[in-house]
Amino acid sequence: MEFGVEHYAIDYFANRGYRRRRCKSCGKYFWTIVERETCGEAPCEPYTFIGSPPVSRPYSLQEMRRAFLGFFESKGHKVIAPYPVVPRWRKDLYLVSASIVDFQPHVTSGSVEPPANPLVVSQPCIRMVDIDKVGATLGRHLTIFEMGGAHAFNFPDREVYWKDRTVELCVEFMGGLGLREEDTVFKEGVWAGGGNAGPCYEVIHSGLEIATLVFMNYRTLNGVLEELPVRTVDTGYGIERFTWLAQGTPSAFQVIYSGILDRVSELIDIPNPDEELFIRYARYSAWIQPTSSLSLADARRKAAALAGVDLERLQPVLERLEQFYKILDHTKSIVFILADGVVPSNSKVGYLARLLVRKTQRILELLGRKDMLPELAALQIDYWGRDFPRLLEMRDEILELITYEVKKFNESIVRGLAQLERELAAVSKSGREIDAEYVARIYEERGLTPDLVVSTAKKLGIKAPAMEEVEERMISRHIESPAKEKEDERLVEAAQLTKDLPKTEKLYYSDPYAAKFTATVLASTPKIVVLDRTLFYPEGGGQVGDTGVLRWRGLEARVTDTQIVDGVIVHFIEGDQPPVGEVVWGEIDYGRRLSVMRHHTATHILIGAARRVLGRHAWQMGAKKEAESARLDISHHAPLSRDEILKIERLANEVVSERRPVKISWLPRSVAEDRYGFTLYQGGEAPLGQVRVVEIEGWDAEACGGTHCANTAEVGFVKILKVERIQDGVVRLVYAAGPAAHRYVSESTIELESRLETVEEEIRQLKLGYGRLIEYYQETVLKEFEQASTSPQQLERIERVVADLAARIWFYSKSYQKEELLGSTRLIFDFRPVTNVTYFASMAREAVKHNSPAAGLISGRLKTGMLIAAGVNRQLSRHGLSPRSVAERLGAGKIRYIDDEVVVFEVAEKDVRTIYNDFKRLIENLQPSEA
RNA sequence: GGGCCGGUAGAUCAGCGGUAGAUCGCCCGGUUUGCACCCGGGAGGUCGAGGGUUCAAUUCCCUCCCGGUCCA
């Protein structure tokens with residue numbers, strides 16, 4: 001795309017004596033007052049401002065921002081607050097990459113009034129495209145920067161200003177800073193983005209492009225330019241670059257991050273470069289344009305050669321410095337993105353956040369500072385929070401997300417490395433080598449960066465490819481074909497039918513509780529009916545379309561679904577077909593609609609609750625509201641705990657019982673955004689200039705086109721049925737509201753109760769079974785052995801084995817009566833019929849077989865008193881409670897068995913409770929000395 | 001949204017048309033009065049789900065589900 005000279009030759013230039021020249025170095029055209037051979041932009045010429053700034057004084061970034069906003073304000077521009085960096089109001093972009101994005105596409109296409117005209121904003125912008133160049137170019141490339149945008153929107157009937165005034169304002173602003181017009185060059189260029197395009201001037205001073213003045217008056221449609229009714233002045237002043245120019249430091253990072261520079265360099269231990277050498281090198285740093293054909297190392301060498309600097313001396317410091325700059329830049333981006341409620345994940349904008357975290361974390365690891373990211377982020381939050389308070393509001397959420405993401409990354413690396421090492425061990429054994437293809441594949445499959453793979457290979461003595469080769473390989477692997485979207489056949493048919501029909505009047509907005517209406521048929525087929533007006537809500541915003549009936553002259557069509565195509569509402573029918581022109585009676589399935597409305601309002605209540613419980617990073621990622629249940633997908637990094645789910649549910653039901661009114665209002669976009677903030681766009685892109693705001697008083701406000709209850713009380717009751725993680729960074733709540741919720745609760749209660757009964761019965765049977773098993777062994781098996789004339793020693797041994805087995809079953813089936821915790825001691829108690837002494841001893845032993853203090857008391861009634869088996873394990877006897885002392889203190893008569901953990905004895909006492917309480921007291925009186 | 005990789009014992013993984021394996025953990029025994037000690041034995045698997053090809057599928061093909069990862 002190119003524009004002819006007529007697009008650039010303006011009166012202002014003619015009056016001021018500018019001439020058009022062609023740069024002998026880059027071949028581009030430019031406008032200048034004084035005679036010059038090149039355009040002056042580096043690398044056609046070096047940076048001249050480094051070491052000798054042309055601005056009258058060393059403005060700080062904050063001062064420069066103020067100066068910029070103040071100047072344009074004084075020229076009739078209204079200052080507006082910056083927008084978020086995540087443009088939730090459009091779905092074609094992940095990040096705000098320029099100030100004009102704030103106003104696309106609705107303002108620039110003319111369908112929406114701008115918030116002010118002309119206006120000025122200092123908009124934080126994020127661009128990921130140059131991420132690998134950040135640092136090496138000493139600040140010319142950044143992932144995050146502030147674009148000073150001065151915008152004027154010229155409507156056919158209302159001209160604000162156009163090219164001449166734009167250039168005049170630019171020259172005047174620069175003049176105020178002490179930048180001479182004679183040293184300024186206006187370079188011709190073309191700008192295109194966001195579906196718009198136009199000619200532009202790049203404003204060059206001292207070698208640096210510091211502003212771009214775009215005159216956006218075209219729309220690009222399939223590669224063809226079409227003139228726009230609204231001509232937009234889109235100027236972008238690089239606030240960071242102006243500040244860099246004002247201070248003339250070797251790198252822009254020194255001015256952008258001046259407030260935290262020292263602290264960060266101390267934290268990650270970055271040495272200071274030789275100032276004089278660094279300045280000389282920096283002047284030529286614009287030659288560093290690493291591309292696939294010129295590696296970073298070569299580019300750096302070239303710049304050093306031109307500057308006459310000995311790279312050997314500068315290089316080691318330079319590399320650390322570039323990493324330092326990357327860290328500064330990336331952490332700022334991370335903090336801004338997360339502040340807008342992005343959760344790192346593996347798709348969409350979440351992936352960009354993840355990419356930034358991982359790239360930064362990788363550098364920190366190389367520097368031996370792998371735990372430092374949260375601390376660095378905290379510094380950035382506190383520093384930038386002065387200018388952008390939302391960072392401070394989101395401080396805790398941001399730091400938690402970063403900590404969590406770093407942890408996930410580490411786990412992924414550990415896993416990946418273990419696997420890689422196994423694989424490489426096999427390679428090493430076979431004496432093979434690895435190639436660039438292999439390294440690139442490992443990166444794509446497991447996220448192990450090429451440097452990690454290569455260094456691991458070298459460690460194992462495997463020959464690995466050079467990094468350049470790998471990078472080339474990775475670029476060539478990314479030739480992909482765009483995917484096609486599937487289209488709903490029914491809607492294709494509907495689109496044919498509705499092409500020339502007027503937009504349908506939406507009766508459901510005037511009264512969401514109405515059920516009956518009359519309308520005239522505008523078009524019909526055996527499957528589709530279009531009316532001039534309707535109460536049937538078409539599917540949209542996650543709310544299902546209405547069903548119902550249409551009646552006329554004794555005939556009837558059942559409406560099975562309702563959709564909307566370009567403003568025309570389409571009823572899908574079964575049954576008779578109404579003729580065009582017929583007046584029909586319509587009636588929606590009222591109960592179904594009411595239930596859907598409850599679910600829809602419940603969704604808004606729940607998103608408010610989720611944001612309060614989980615944090616403000618929780619955004620609605622999708623939703624579906626039906627008659628029986630609804631679901632809501634929210635962005636959140638971790639699985640929800642039981643506690644969090646209960647809290648969300650409880651809060652939601654509180655809002656229901658508080659009977660909050662649900663208010664609906666149509667507001668101009670900018671007014672709505674001003675009043676409610678950008679959390680309005682929970683439901684995604686809002687298509688209209690006027691925004692329909694659904695507000696639950698004091699709880700939640702969203703741009704939404706759905707039908708809602710008039711009061712939260714009508715929702716009745718909200719029950720969360722299921723919570724699942726449907727994707728990395730997204731959890732789904734499934735819930736029901738009102739009668740549907742009650743149905744679920746009562747049905748599931750009945751089911752639970754019957755299942756509980758079954759389980760209880762099963763447990764009873766099992767215990768009975770165990771009892772029988774034990775009896776069987778003790779009575780039958782032992783008798784068998786006795787009769788088989790087994791020797792007494794063998795018999796004793798067998799008795800012991802059987803008793804141990806029975807005791808184990810007893811213990812693991814928890815067949816005992818009671819389990820108690822006395823301090824740190826676990827006490828197991830049971831009362832059983834007396835079978836034999838060995839079995840009692842085995843049970844006591846089993847009860848105390850733990851590493852923590854444990855005691856057991858098994859009692860059984862004898863004719864003369866009781867048989868007691870007491871167990872105290874080593875952890876207890878260490879504190880002075882030995883089996884023998886227990887026997888003595890409990891008044892033992894005849895001791896039947898004793899070892900170092902267990903004693904079995906008879907007592908005359910007949911009351912179980914007395915013995916149990918005595919035993920408890922013995923344990924409680926021990927000096928508790930925790931290990 | 002798309003591409004690529006993976007899903008086998010409680011954990012980490014090997015096997016890749018013909019009777020399912022290793023290491024750690026677990027249980028038992030021995031050794032040892034303190035340990036991530038040592039020795040011996042044992043339990044534990046619908047080989048993610050469904051369909052197809054085949055005499056035979058964990059293995060090959062298709063669909064789906066789940067996890068990972070890269071790119072927009």
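Since the structure is predicted, the reported quantities are computational estimates derived from the model, not experimental observations.
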query = What distance, rounded to whole Å, do you find between the two P atoms, one in rC27(B) and one in rA14(B)?
reply = 28 Å

rU33(B) and rG15(B), which share atom name C1', separated by this distance in whole Å = 45 Å

remark   = note: Leu95(A), atom CG; rA72(B), atom C1'; distance rounded to Å ~ 12 Å

request  = Let me know the distance between CD1 of Ile726(A) and C1' of rC66(B), rounded to the nearest Å.
outcome  = 13 Å

query = Roughly how far apart, to the nearest Å, are rG18(B) and rC37(B) at atom P?
reply = 38 Å

request  = Rounded off to whole Å, could you give me the OH-to-P distance for the Tyr438(A) and rU69(B) pair?
outcome  = 18 Å

note = The nucleotide from rC70(B), rG68(B), rA72(B) with an atom nearest the side chain of Asp728(A) is rG68(B)

message = In whole Å, I'd like the distance from the CD atom of Glu423(A) to the C1' atom of rG6(B).
response = 12 Å

ask   = Quick one: is Ser347(A) getting a side-chain N or O under 4.0 Å of the rA72(B) phosphate, OP1 or OP2?
value = no

task = For rA72(B), take OP1 and OP2 only and decide whether either is under 4.0 Å from a side-chain N or O of Lys348(A).
result = no

request  = Would you please say whether a donor-acceptor pair under 3.5 Å links the side chains of Glu702(A) and Gln682(A)?
outcome  = no

message = Dot-bracket, 5' to 3', for RNA chain B please: Watson-Crick or G-U pairs under 3.5 Å, [ ] where pairs cross earlier ones, | where the partner sits on another strand, dots elsewhere.
response = ((((((((.[[[[.)..(..]]]].(((((.......))))).....[[[[[..)....]]]]]))))))).

request  = Check the side chains of Gln620(A) and Asp633(A) for a donor-acceptor pair under 3.5 angstrom, ignoring hydrogens and angles.
outcome  = no

key: Contact under 4.0 Å: Arg415(A) side-chain N or O vs rC13(B) OP1/OP2   = no

query = Considering only the C1' atoms, how many Å lie between rG21(B) and rU8(B), rounded to the nearest integer?
reply = 10 Å

query = For rC70(B), does OP1 or OP2 lie under 4.0 Å from any side-chain N or O of Arg354(A)?
reply = no

query = CG of Asn346(A) versus P of rG1(B): gap in Å, rounded?
reply = 11 Å

task = Run the numbers on Ile126(A) and Ile337(A) for side chain to side chain contact (heavy atoms under 4.5 Å, CB included), then give the verdict.
result = CA-CA 9 Å; Ile126(A) 298 186; Ile337(A) 292 181; 3.4 Å; yes

message = Whether the Ser99(A) and Tyr83(A) side chains hold a donor-acceptor pair (N or O, under 3.5 Å, no angle test) is what I'd like checked.
response = no

query = Over how many whole Å does the gap from Glu405(A) atom CD to rG68(B) atom P extend?
reply = 11 Å

ask   = Rounding to the closest angstrom, what is the interatomic distance between rG40(B) and rC16(B) at atom P?
value = 29 Å

query = Going by atom types alone, do Glu400(A) and His617(A) pair a side-chain donor with an acceptor below 3.5 Å?
reply = no

request  = Please name the pair of heavy atoms, one in Leu448(A) and one in Leu417(A), separated by the smallest distance, quoted to 0.1 Å.
outcome  = CD1-N, 4.0 Å

query = To the nearest Å, how far apart are Leu417(A) CG and rG68(B) P?
reply = 18 Å

ask   = Do we see a donor-acceptor contact under 3.5 Å between the side chains of Arg127(A) and Ser97(A)?
value = no

message = Counting the atoms with a prime plus P, OP1 and OP2 as sugar-phosphate, which does Tyr443(A) contact under 4.0 Å by heavy atoms, base, sugar-phosphate, or nothing?
response = sugar-phosphate

key: Interatomic distance at P, rU59(B) relative to rG17(B), whole Å   = 10 Å

query = Taking the same atom, P, in rA9(B) and in rU46(B), what whole-Å distance lies between them?
reply = 8 Å

inquiry  = Measure NZ/Lys407(A) against P/rG68(B) and give the value in whole Å, please.
reply    = 13 Å

Separation between the C1' atoms of rG44(B) and rC24(B), rounded to whole Å = 14 Å

ask   = Toward the 5' end of RNA chain B, which comes first, Leu448(A) or Arg422(A), by nearest nucleotide?
value = Arg422(A)

Heavy-atom closest contact (Thr603(A) atom, Ala630(A) atom, distance) = OG1-CB, 4.4 Å

